[in-house]
Structure formats: structure tokens, C-alpha cells
Number of protein chains: 2
Amino acid sequence: MTAPRPRRTTLKRVAERAGVSLSTASLVFSGKGPVSEETAARVRTAATALGYRGPDPVASSLRAGRSGVVAVVVESPLTLALRDPYAVQVLDGLADELGRDGLGLLLLAQDPHDLDELGARTATMAMDAAIFPFCGPSTNPLVETLAGRGIPIIGSGAPEDTRVTHVRVDEAAAQGLAVRHLLELGHERIGHITLPLRPHATTTGVQAMEVEHAAYPDARERARGFLALVTGPVVQAAAADVTEGEAAARLLLGLPEDERPTAIVAQSDLLAAGAIRAATSLGLRVPEDLSVTGFDGIDVPWLDQTLTTVDQPGAEKGRRMGAMARAAIGGDAPIATSYDVMLRRGTTSGPPKRLRPRFPSL
Amino acid sequence: MTAPRPRRTTLKRVAERAGVSLSTASLVFSGKGPVSEETAARVRTAATALGYRGPDPVASSLRAGRSGVVAVVVESPLTLALRDPYAVQVLDGLADELGRDGLGLLLLAQDPHDLDELGARTATMAMDAAIFPFCGPSTNPLVETLAGRGIPIIGSGAPEDTRVTHVRVDEAAAQGLAVRHLLELGHERIGHITLPLRPHATTTGVQAMEVEHAAYPDARERARGFLALVTGPVVQAAAADVTEGEAAARLLLGLPEDERPTAIVAQSDLLAAGAIRAATSLGLRVPEDLSVTGFDGIDVPWLDQTLTTVDQPGAEKGRRMGAMARAAIGGDAPIATSYDVMLRRGTTSGPPKRLRPRFPSL
DNA sequence: AAGAGGTGTCGAATCGTTTCGAGTTCAGTG
DNA sequence: CACTGAACTCGAAACGATTCGACACCTCTT
């Protein structure tokens, strides 16, 4: 496209100057093979004299057949995806694990409005493996491109494709933990706030049907886990943030009093935090008037409560995917694994207050 | 290190199968040079038959002398740096701008405890340019490594090095905007909460001396801007988050009543949000009892107020740095630019309430 | 003194493209 | 009919490294 940069000093020039062969010079820098200390010193002197900074990574990669880069695909604008501290945790674990092996993390943000744009770029970008670490849509055209290039693909549930090796959590069962906890506390009317079920979602009530046809498998599975245990109103949030969580909760809390849930199960901590805000602004106390559970186990420092939540260690999940990518690059056939999560009780859940007891006392 | 992947189908094989020369086949895929439609079709058929997915990016890069990758250095763990929505905004703008040109974004997280570890990796990683988009320390050993390899470096204030081309904001003047605004409202006792001035900072009061010797230039400049206009207590926050902002504000608000500031100028919106929390929990109303200003102009959806803040469009800044990297790769000598920011008034600043008027009325 | 074994060095092949300059073909012109 | 271009195709030379096998030399054994 543009003017190539002035050619760097090459190993060949260094070798010439040191009066040794190219292969010997290479041996000095790679540290493999035997080289006499004297020769090595001569080569190093020549290198510094010429300003040679070590072998060109691209040439090494070509020869080695590996680029040392792992692509991490974020299926939405970064401002959206990384607004959630949980996503950042995963990314952090990923970066750490990949870095440990000298692998680079190529961040690819996919514009949901123009999925193919990234496809074109992906086709011409060097990478040894690709990871879809976040809750994305169940199908993604990128998988085709990547798999076609023979690049191993790691995911965490999405995309749902046989060519993707997953680090999976049983999302339905995990969400069930929260529901069961509330049932045990005695709640009978429980509402549910889901993550977006599809691109361009709006904050609105949804039916079981729509859950089944959701484009995002994580949201779908969690909602299934909820619906498997209780029949209750389900509201979809337009995004995984506080604002939409608050809006969604308002819909649930706006129901007639005898239908209004005494507990809300949210699919993410940020949504739960929004629900608590909604409750507070409606004059409801948490957990006395409303119990709220989250999902992820992030730190919400501005919340005066500790969320009851399904704790999912994000950094660990990221590390796990990083390790799988590493293994896949090493030539091992990657193996799907799964993952256990736990309910962590906080201060936002408690027994329901029966305003009008069903069986009035004397 | 590990077993090389099975060699992919090469252009040569495709050319052979199509019965054309290697160079012609290359022309078909690159779209340059004239190729008859018939030949092109034959090549494409051969390609699909062999499962050829286009030229190997690494080989292309070697030939072109450019890797198409721009490194973005984050000088702290991602969980820390990306906790701030402002950083995410910058990253988003950066990703967008780089993507526009088909450039990849290589995310490098630098462990502050082991600066050199990343140095070693950086030396062997293919990249055409490097960006330090965040408020980092004023010196960084990475600059030496990168500059030595002839890689153009873009920054936003830090590291302070002649080899780094900056997109600069006059931080001192920008912070001054907030201070002046409060002075105009009539405040006389104004406190300041700074971002960390050095690695491993603790939340504690600091003297002007320590400001001058700060390791982080952004924090230093803003504090200078503050101190140039008023003499007031300065507290350093250990991190740019709500919790530390709250702790820092507590220190300021714990001063004896006649020294206690009637306004707090925070160096970031998250810190300001923390300060508001501190005020609220101490029974102070904002802005009646305490005015608070932030810095960045992020969205804080859980705050019931709109922050008065120094608005710094993050995405735009990111885009700007991306464009500079692009230009530098194109061979243009990058030019440092600077940047104007504006004060945005919100609901968190107002005139001070004089508890004990200095000149009591009759 | 011949053979074995270890060190150190080197030439050449290879990784998979892109591109330059040269060559071929063929239609159109004078 | 010879001549000029344009349209197409091709061979060969990069790009900058790594690595394999061969070779030379030296030091021990027996």
C-alpha cells in the first residue's frame, strides 16, 4: 500500500562483518547449536556496531510456520463489551496466559452491523489460533473463514459450531443455582432479567418462544435454566449494563402488586445492580421487599450491598482458554472442557415478606 | 518451540494445478496487473479444489516489509487499566481507526512489577508501530527496545521521550478549567484528588514536592494545574477507581471544619464519583455542601447526578493516535499534535454554602 | 597409528509470497 | 506487410531468517 520502510540491518550483513557464515550468526542469536565463545563475541560486536537488534520476527515466523499471535474476537464494539468488568477479567486472564508463552494477543472487535468487514481483514491477518471468549451469537461467519484457514478456534459457549472447541459452563444449571436459592428462601414469584437475546435487542418482556430462538446461547441457556424451575415473567435487557438492568427491573416491578415478583434473577451482576437501583428508587428495600441475584461475581464497589451471585471466576476462564489455544498451537488436538460455578450468598437475597398472607391468621 | 503445523496449500501448488506460472497466480489473488478472465477463473477453480484460502499473511508481510500490526501497550494489568471506561473509549477509537486500514491491534499488558519481561517479548514480536495510549510512567524501558528496532512510537503524554510522538493535551490548563469554574462560583477552600503519582501508590495526602517528582506525567501536570491556581490540600488516590476516590475524599472531608474543602477537584470521573459517595455517606449534600468535579467525561449511569467534568473525548483521542500510527507506517514523519478539552457543567458543582459568614450580617 | 567421538563452522535448501523486467501474442495502423 | 502498442504471461530475484547434513579439525582411546 505504502512506501516500505527502509530495510533494516540483516543477519547476513552482521555475518559478513563478523567474518562468519550466515548460519553461524543465526546460531549465535538463537542459542541453539554449538558456537565458540570467541566467534559468538565477534558476532555480537558486529551486531552492535551495525545496530542489529535481533532477527526479524516476520522472517522467523515464515520459517517457523507460526506467527506467535492469537486472535481474540470481541463480537461487539469494545465500549460495550468491556464495560462489563467480567469481560475485562477474562481478557486479563487470557493476556496473562498467552504472554507466559510469548504469544501475542491480537484484539479484533467485530462490528455487529458489518460482520463481513472483519472477515475480510481476518483472512489476511497472521494468527495461529483464534478465541471467542465472550458471550457472542451462536453463529458467526468468521468461523468459516478461520476454520478454512486451518486455524484452531476456542470458544466459551459461542459460536455453536463443531469446529470450535469450548470451555463450557453449564449455564442453565448455573442459573438454576440462583433460582433454587430463592425458592428455598420461600419465594414464589420470581422474575428474570436476561442478557440480550439477539443483536439490536430492546428492553422488553419476552416469551419462552423467544428464549428458544435466541441468537446468543449464553443468554438462552441461562433463561432455560430459569424457566426449567419456575414460571415467571422474563424481561430482556437491551445491553449488559446498569441502565438497562434498571429499566428491565422497572418493567418487572411495575406489574400489579399480586403479580409483582418478590425476587429478581438477573443474568449478570451489572443487570442486578441496575435492578437494585430500580428497587431503591421505587422505595423498595433490598432484600426485605425484593431479593436480587446476579451472575459473574464481579466487584461493584459503588453498591452498598454484596450481591448474591453465581460466581464465575473470569480470569481463570480466560487463562483456561489461553492454555487451550497454546495447546492447539503446539499441535495437540484441543479438548473441550467444562467448568463448575458456585452460588455466593450476599446481602441482596432473603426471605420474602408476605404482604398479604395467603392464609390469614386468626 | 513446538511441532510446526502441517504445511498449508501454497500458491505454487495452485499455480501448478491451474497450469499457470506462480506469478500469474499471485496476480489473480492480489488483483494487481492484468490477467485474462479465463486464466483467473482457472486459477480460482484450482484454488477451491485444493482448499487454498489466499496468500499466507506471514509470507506477504515478509515480502512487503510490514506486518500490519500495531502494538498497544497498557502499562498495568488490564483489570486495572480497563476498569476505567475512559480507557476503554480510547481503546475503542484506536481499534476502529486501525481496523479501517486493515491494521491489527496487538494488546500488550505490561506487568508493572516486571517491566523487562514484556521487553523480551516485544523484541521478538512483529509490529509496525507502537502506541502508549494511556497515562503511564514518564519513562519506560520498552521505548529503548522499540526505538532500537526502528519502530515508530506514539503516545499521549507518556512516556516522556523524544522518540515518542505525542497527541498531547495541556493537562495543567485542562485541570485549571475546573478549578477556575469553582473559583468563579466563590469557593475558597478547594481540595484535590490526584491519580496515582507513582507505582505502588497509596491513598494519602501529598506535598507539592511529591507532585513535582511524580512518575506519571498526567497526574503531575493536572496537579500542577491545580496548584498553580489555589493552595489546597492534595490527596493521592492509590488507583483510578471509585473505592480509592471515596477513601481519598474521606481524608479531605475529615479535616477540621474550617479547613474542610467546600469543593473537590478530582483527576478522573471515577475518583469524583467516589468523592460523591464519600460526601453522601457523611451526610453532605452535593453540590449544596460540597462541589465535586471530575475529569474525562465518561458516563456514570449509577450516579444520580451529572458530573461537572473536564470533557475529554476518549474515542477521538484514540482515533487520533491510530491515525498517527497509520501515517508513521506509511512513511510520513509523525507530527506531535495537541488537543483542546472543555469544561462541561453538571449538577455536582454550585456555589459554596457559607456556614459561618466571614462578615456576619447585622 | 588408525579409529572413534566431539566441536565448531559452513553451504545450500527452504519457508510462501510479490514484483520487476522481459518475452509472447495479437489486433490495429500506416 | 512490417510496425507499434496493448494485453497477458512468465522466470527469476528478492524478503530475512532457520536448519540439515557435510566437512574439517582436534583430542582421546586402544
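Keep in mind that what you see is a predicted model, and the values were worked out from it rather than measured. Just so we're on the same page: letters track the sequence lines, and every chain starts at 1.
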Tabulated below should be each protein N or O lying under 3.5 Å from an N or O of nucleotides 6-10 of chain C; please produce it.
| residue | atom | partner | partner atom | Å |
| --- | --- | --- | --- | --- |
| C:dT9 | OP1 | A:Ser36 | OG | 3.3 |
| C:dT9 | OP1 | A:Thr39 | OG1 | 2.4 |
| C:dT9 | OP2 | A:Ser36 | N | 3.0 |
| C:dT9 | OP2 | A:Thr39 | OG1 | 3.1 |
| C:dC10 | OP2 | A:Ser21 | N | 2.8 |
| C:dC10 | OP2 | A:Thr24 | OG1 | 3.0 |

For the pair made of CZ in A:Arg66 and P in D:dA17, what is the distance, rounded to whole Å? 19 Å

Does some side-chain heavy atom of B:Arg13 sit less than 4.5 Å from a side-chain heavy atom of B:Arg17? no

Given atom CD of A:Glu16 and atom C1' of D:dG16, what is their separation to the nearest angstrom? 13 Å

Quick one: pull up CE in A:Met125 and OG in B:Ser67 and give me the separation to the nearest 0.5 Å. 8.0 Å

In whole Å, what is the span from the CG atom of A:Leu62 to the C1' atom of C:dA13? 13 Å

Flag the pair B:Phe134 / B:Asp84 as yes when at least one side-chain heavy-atom distance between them is below 4.5 Å, and no otherwise. no

Provide, to the nearest angstrom, the distance between the CG atom belonging to B:Leu50 and the P atom belonging to C:dG16. 14 Å

Sugar-phosphate only, base, or nothing, as touched by A:Tyr52 at under 4.0 Å among non-hydrogen atoms: sugar-phosphate

Phosphate-side-chain proximity, B:Lys32 and C:dT18, N/O vs OP1/OP2 below 4.0 Å: no

Have a look at B:Thr10 and say if it touches a base, only the backbone sugar-phosphate, or nothing, with a 4.0 Å heavy-atom cut-off. sugar-phosphate

Under 4.0 Å between a side-chain N or O of B:Ser60 and OP1 or OP2 of C:dT17? no

Are B:Leu146 and B:Arg163 packed together at the side-chain level, in the sense that at least one heavy-atom pair is separated by less than 4.5 angstrom? no

For the residue pair B:Met321 and B:Val90, establish whether any side-chain heavy-atom pair is separated by less than 4.5 Å. yes

Please give, in whole Å, the distance from C:dA12 P to A:Arg63 CZ? 16 Å

Can you tell me how far P of D:dG11 sits from NZ of B:Lys12, to the nearest Å? 12 Å

Rounded to the nearest Å, what distance is computed from the CG atom of residue B:Leu11 to the C1' atom of nucleotide C:dT17? 7 Å

Any Lys/Arg nitrogen of A:Arg44 or A:Glu37 sitting under 4.0 Å from an Asp/Glu carboxylate oxygen of the other? yes

Does any non-hydrogen side-chain atom of B:Val164 lie less than 4.5 Å from one of B:Val143? yes

